[in-house]
Amino acid sequence: MITAAGDRAVHFHPASLAARAALVLRDNDTGRLVTASPKLYPHMWSWDAAFISMGLAYLDVRRAVAELDTLLAAQWRDGMIPHIVFTQDTDYFPGPDRWGTDAAPQRPHGVRTSGICQPPVHAIAVRRIVEIARKTSQDDAEVAEAFAERAWSSLYRWHRWIVRHRIPDASGLVAIVHGWESGMDNSPRWDEPYAAVLPGPDLPPYVRLDLLQVDDPGERPSDDEYDRYLWLIEQLRRADYHPDRVVDTSAFLVGDVFVTAVFALACDTLAGLGEELGRNGEEIDDLRAWAARARAAVALSAHPETGMARDRDIRGGRWLSAETIAGFSPLLCGGLPADVESRLMSTLDGPAWSGHPDLLAAVPPSVSPSSPDFDAKRYWRGPQWPVITWLFGWAFEQRNWPRHASEFRAQGVHLVSDGAFGEYYEPFTGKPLGSTNQSWTAAVVLDWLCGV
């Protein structure tokens, strides 16, 4: 046993850590889907499922494929992949009745879902499953490639939906209509836009269930934040979830630079898969063009002095400059001039971020510890997230930055080496926060330790 800095004991050898990660995925498997966590998140979340499927590929390629098949079976007829696919579990709020999507004409039949989306990481997951399968056996490779073939059109329609319905202004950024669509629910990125969301007196009453599943309610969003979250759902319902009407009427409309960078990555990744599979050349050209436009939008959002990317409050007509991990979005997808990109990487490595001297693991927190918005324990307002570390590390590999990719992998493993598989981690002590035995954390640990 090694005693790490702070108050956390590090117990597990890499082989034991990988075995524990595999057990988490198996324990959280309902047969049809792997729940995000056993208590706090008993359903399927869209971008969680993408990460989870990559971890499952190391255990059983067919099971990994089945995970994404379940998600894609819930795709809406207009192309949107919803952010939650609900199980029968009722211990989660807001559940399907609160979302009210059963009345939406474009909803899928036979499955209940939420009415918003999440970052489009799914093509990256399919690419990773194929890579893993090709290294294991010919049979696994055939299964993965056949899945990529049948999933490709669904993913193309998903990307086309984003282009048609979620790039509403001249910034070119992919817009979100709820902070939950960003995956970074209560990040300081959204403080100003959320402040303009004024819940109406007819907001239906509710009882939060998430606070019953964590030891410290201070780790979760506040009640005032939840009022705003639920008012936005009311606005979505009143727009019948029609994508253009939603964009026209939502009190919250923000060009999300992180989602836009992920979209650029995913479009290029899906185009590459399409070229391997011999897909329609015009659709591949579409994807390449969408990726190029998204990269340009991310680059154009960069602050002229710092190079940090910024979100765009479309309703308020202003740039947002919170000091969060999303500011490094250009490092995911490229597009900056070389000197600006180099300066941005130095900032990421520096003492305000990954190089902060008090961090247990040298990976970026969700908010800079030097920011007045930083809160070491509260959800997306300071803690470190293994999945974000994985995503940046993967992108660094694609961009041929092996040193940074290797460092993020090693430091990510160090962060999670207590074997609790926390949803997120206190950055100075490494204490796991939120829910433990979190499936997507276990999945990225498997990829770090077993990666091909």
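Hydrogens, waters and symmetry mates play no part in the numbers below; they use all other heavy atoms, side chains included.
- No donor-acceptor contact under 3.5 angstrom links the side chains of Asp185 and His178, judged on distance only.
- Centroid-to-centroid, the aromatic rings of Trp385 and Tyr379 come within less than 6.0 Å.
- A salt bridge links Glu407 to Arg403: one of the charged nitrogens lies within less than 4.0 Å of a carboxylate oxygen.
- Exactly one residue among Trp394, Trp390, Phe396 makes a ring-ring contact (aromatic ring centres under 6.0 Å, His included) with Phe408. That residue is Phe396.
- Of the charged side-chain nitrogens involved, at least one lies within less than 4.0 Å of a carboxylate oxygen, so that Glu192 and Arg318 count as a salt-bridged pair.
- Arg279 and Ser153 form a side-chain donor-acceptor contact under 3.5 Å, judged by distance and modelled atom types alone.
- A salt bridge links Glu276 with Arg127: the closest approach of a Lys/Arg side-chain nitrogen to an acidic carboxylate oxygen falls below 4.0 angstrom.
- By the 4.0 Å N-to-carboxylate-O rule, Asp286 lies too far from Arg160 to be salt-bridged with it.
- Relative orientation of the Tyr241 and Trp76 rings is perpendicular, given thresholds of 30° and 60° on the angle between their planes.
- A side-chain donor from one of Asn28 and Ser439 sits under 3.5 Å from a side-chain acceptor of the other.
- A salt bridge between Asp69 and Arg150 is present, with a side-chain N of the basic residue lying under 4.0 Å from a carboxylate O of the acidic one.
- For Ser368, the side-chain hydrogen bond (donor to acceptor under 3.5 Å, both in side chains) partners at least two apart in sequence or on another chain are Ser370.
- Using a cut-off of 4.0 Å between Lys/Arg side-chain N and Asp/Glu carboxylate O, Glu142 and Arg134 are scored as not salt-bridged.
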Steps toward salt bridge (Lys or Arg N to Asp or Glu O under 4.0 Å) verdict (Asp244, Arg164): CA-CA 9 Å; Asp244 295 330; Arg164 287 181 172 178; over 6 Å; no
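- Applying the side chain to side chain contact (heavy atoms under 4.5 Å, CB included) criterion to Arg409, with sequence neighbours excluded, gives Glu397, Ser406, Trp448.
- A distance-only check finds a donor-acceptor pair linking the side chain of Trp152 to the backbone of Leu270 [under 3.5 Å].
- One side chain, Ser435 or Gln438, offers a donor N or O that lies under 3.5 Å from an acceptor on the other.
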Steps toward side chain to side chain contact (heavy atoms under 4.5 Å, CB included) verdict (Ile81, Trp161): CA-CA 9 Å; Ile81 295 179; Trp161 181 89; over 6 Å; no
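- Here the closest heavy-atom approach between residue Ala376 and residue Glu426 is recorded as CB-OE2, 3.2 Å.
- A salt bridge links Glu341 with Arg399: at least one charged nitrogen is closer than 4.0 Å to a carboxylate oxygen.
- Residue pairs meeting the side chain to side chain donor-acceptor pair (under 3.5 Å) criterion with at least one partner in residues 247-256, sequence neighbours excluded, are Arg189-Asp256.
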From CA spacing to verdict: side chain to side chain contact (heavy atoms under 4.5 Å, CB included), Leu415, Gln384: CA-CA 9 Å; Leu415 179 65; Gln384 294 164 312; 3.4 Å; yes
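- Every residue two or more places apart in sequence or in another chain that forms a side chain to side chain contact (heavy atoms under 4.5 Å, CB included) with Ala362 is listed here: Gln411.
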Could you give the side-chain donor-acceptor pairs of residues 42-51 under 3.5 Å, partners two or more places apart or in another chain?
{"residue": "His43", "atom": "ND1", "partner": "Thr87", "partner atom": "N", "Å": "2.9"}
{"residue": "His43", "atom": "ND1", "partner": "Thr87", "partner atom": "OG1", "Å": "3.0"}
{"residue": "Ser46", "atom": "OG", "partner": "His122", "partner atom": "NE2", "Å": "2.8"}

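- Sorted by first and then second residue, the pairs that involve residues 289-331 and meet ring pair (Phe, Tyr, Trp, His ring centres under 6.0 Å), not counting sequence neighbours, are Tyr156-Trp290, Phe328-Trp353.
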Glu275 vs Arg288, salt bridge (Lys or Arg N to Asp or Glu O under 4.0 Å): CA-CA, chis, key distance, verdict: CA-CA 11 Å; Glu275 288 164 352; Arg288 295 293 188 195; 3.2 Å; yes
Salt bridge (Lys or Arg N to Asp or Glu O under 4.0 Å) assessment of Arg310 paired with Glu323: CA-CA 9 Å; Arg310 297 170 293 174; Glu323 296 176 87; over 6 Å; no
Step-by-step side chain to side chain contact (heavy atoms under 4.5 Å, CB included) determination, Leu17 to Phe421: CA-CA 10 Å; Leu17 189 64; Phe421 302 103; 3.9 Å; yes
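- For the pair Lys135 and Glu131, the salt-bridge criterion is not met [side-chain N within less than 4.0 Å of a carboxylate O].
- The shortest non-hydrogen separation linking Leu236 to Ile116 is CD1-CG2, 3.5 Å.
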